[in-house]
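Remarks on the structure that follows.
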2 protein chains.
Amino acid sequence: MANIIDIAKLAGVSVSTVSRVINNHPYVSESKREMVQRVIDELDFTPNRLAVDLIRKETKCIGVIIPYNNNQAFDQLLHGVLNRSVEHDYSVMVLPTKYDPAKELRCLNMLKNKQLDGVIMTSRSNDWNSILSYSKYGTIVACEFTDHPQIGCAYIDRYASFVDAFQLLKDKGHSRVAFTTARGEESSSTQLTIKAYKQIFGELSPMYHLNDCQTMDDGFIAAQRLLNMDSRPTAIYANGDEVAAGMYQCAKNMNLSVPEDLAIIGQENQPVGIGLSLSTVDHQLVKVGEQAFDLTMDRTNNKVKIPYQIIIRQST
Amino acid sequence: MANIIDIAKLAGVSVSTVSRVINNHPYVSESKREMVQRVIDELDFTPNRLAVDLIRKETKCIGVIIPYNNNQAFDQLLHGVLNRSVEHDYSVMVLPTKYDPAKELRCLNMLKNKQLDGVIMTSRSNDWNSILSYSKYGTIVACEFTDHPQIGCAYIDRYASFVDAFQLLKDKGHSRVAFTTARGEESSSTQLTIKAYKQIFGELSPMYHLNDCQTMDDGFIAAQRLLNMDSRPTAIYANGDEVAAGMYQCAKNMNLSVPEDLAIIGQENQPVGIGLSLSTVDHQLVKVGEQAFDLTMDRTNNKVKIPYQIIIRQST
DNA sequence: CTGAAAGCGCTAACAC
DNA sequence: GTGTTAGCGCTTTCAG
């Protein structure tokens, strides 16, 4: 490919003039501008973006850290980010980590090596201290709350939402309530769920908490375990509508009616939940993603809380 | 941030030696290697990726062109791509186009400006001629079949799958069969569906084909129109399980039983279809995405057909 | 095994 | 208005 020097030579001008017309700078005579443009068109020239970014010290590209690449919840967040990034003419890189702290750090390092202007963390597998040291290389925004002034946050008050959901179940008269989580207690989301549970129900019998639930199948299996117990729960709060759907299937298989024999409430208002008319708490992850992107732009490191919504359908 | 020259000075060696240790080249004395490494660690130095890529003429980054960023089918494709890209230590950029040809061209231009080594086109809004001219700048692989030797293809035999689905319905005794598509006849997928329909049923009454269906709501509305007709269809082939789910809801609302009064078959084997036990034709889009990535690597421009599967559940 | 030097392709301060 | 030139930060011949 031709470079800017070739263009300059052919157009009979200097490289700066070429650069000026490429970047629409003023103070270029119309005649030269035309001349240069003609040569550019003739040679079908496109400026090398790497060279431009190298010198400009900016890539107009941000990364989105996600743990899995097959999880609806993270898709929703990503969609939110994409909604906004196209409007702002930014590119976005998807960075799956599988919750591997080392991999996550390598992603953050893309700020340091100048590949990325910012990164949005929809999940986190390192402690904040390790992460903070990267904030001097670019904008970091998290999809969870944190006090650190170097970090922007687009977050949901998960604790409140969990409390609400459990309260709802309690108000309906349930006392044997189980719940599932995606990960173990290394996850802050899991911790908050447990805390909220205890807040509402006091004790948490360990057998009422199952983790490592991600898919419909996981939900089915979890429900199997739960519903075969002697004092089986009368309500389950699932960590996602797909998981909830699996539970619903299982209950149906066992000839239990929902919500009479078993109440189910899911999360994230996903299609399968709508289809099965499952109640859900919608954390509005698309909005979270949109807000997260906006925060990478305005560099204020604001903390923005996104409201959640409980949607009551026929499973409670 | 320090650069390679700083490191060289502090370590008392030349920049080439520093470069050699960074890139694990042989022929560096252990003593110098250690010295350099110590300085690198001390200064917490990371090579600037833009500079490296600029000179190496390679970014280890590919782009995935998708039309919408809120469509499950394209999520599946993207997931497939990500599955493989992490294994190969490649980054991936998501490039939503909204089917805008100009935007699509700007994405392809990222090959020319050296930002991307390759791009996977899960959708296409330009004619092949416009696209082919970019293939000299990087690998282009399409998720549809094309003869062009410059293009790798990971594709499904959509025509065959449509024929199969319609045949299935015909075999079940349906003669009034309707179908929906995501777009109008500008889409090759729509064209193929129509062609397959005519192949099986001969005539296509225009009122049996509804387009612009994307979501569950779209499916609901489409079903409303279809089911309120005088000679209402006894079967509908939906262009996606979410759309099919909307139709299912509508049928239920009208007190029609599925499949007795209305057979429904969807596409892509999505959670909501599993939840509602809808029959579906699974085009295995995750595999398509995986294969597409593999094709960007091996540069053979092979044409790889991915088998589809029809999954019969209770809606047919 | 090591270093000097010539780039990669572009931008922008500076001088005219 | 326009051109000269010094970088941006790194890799890679080519000598030695």
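Note on naming: letters A, B, ... go to the chains in the order of the sequence lines (proteins, then strands), and numbering restarts at 1 for each one.
Neither OP1 nor OP2 of dG1(D) sits under 4.0 Å from any side-chain N or O of S29(A). Within the 4.0 Å cut-off from OP1 or OP2 of dG3(C), at least one side-chain nitrogen or oxygen of K32(B) is found.
More than 12 heavy atoms of other residues, nucleotides or ligands lie within 6.0 Å of NZ in K136(A), so this atom counts as buried by the packing criterion.
Tested against E104(A) for a side-chain hydrogen bond (donor to acceptor under 3.5 Å, both in side chains), the candidates N126(A), N109(A), T97(A) yield a single pass: N126(A). With V15(A) as the partner, the side chain to side chain contact (heavy atoms under 4.5 Å, CB included) test is satisfied by one option alone out of I7(A), D6(A), I4(A): I4(A).
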Original post:
What does nucleotides 7-16 of chain C look like as a protein-contact string, B for base, S for sugar-phosphate only, - for none, at under 4.0 angstrom between heavy atoms?
Top reply: BBBBBBB---
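Counted by atom type alone, S16(A) and S14(A) present one or more donor-acceptor pairs between their side chains at under 3.5 Å. Under the 3.5 Å distance criterion, with hydrogens and angles disregarded, a donor-acceptor pair is assigned to the side chains of T59(A) and D117(A).
The CE atom of M35(A) sits 19 Å away from the P atom of dG1(D) (whole-angstrom rounding). dG9(D) atom P lies 16 Å from atom CD of Q115(A), rounded to whole Å. E58(B) has its CD atom 15 Å from the C1' atom of dC10(D), to the nearest Å.
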Original post:
How far apart are the C-alpha atoms of K112(A) and D44(B), what are their side-chain angles, what is the distance that settles it, and do they pass the side chain to side chain contact (heavy atoms under 4.5 Å, CB included) test?
Top reply: CA-CA 10 Å; K112(A) 190 170 168 190; D44(B) 194 26; 2.8 Å; yes
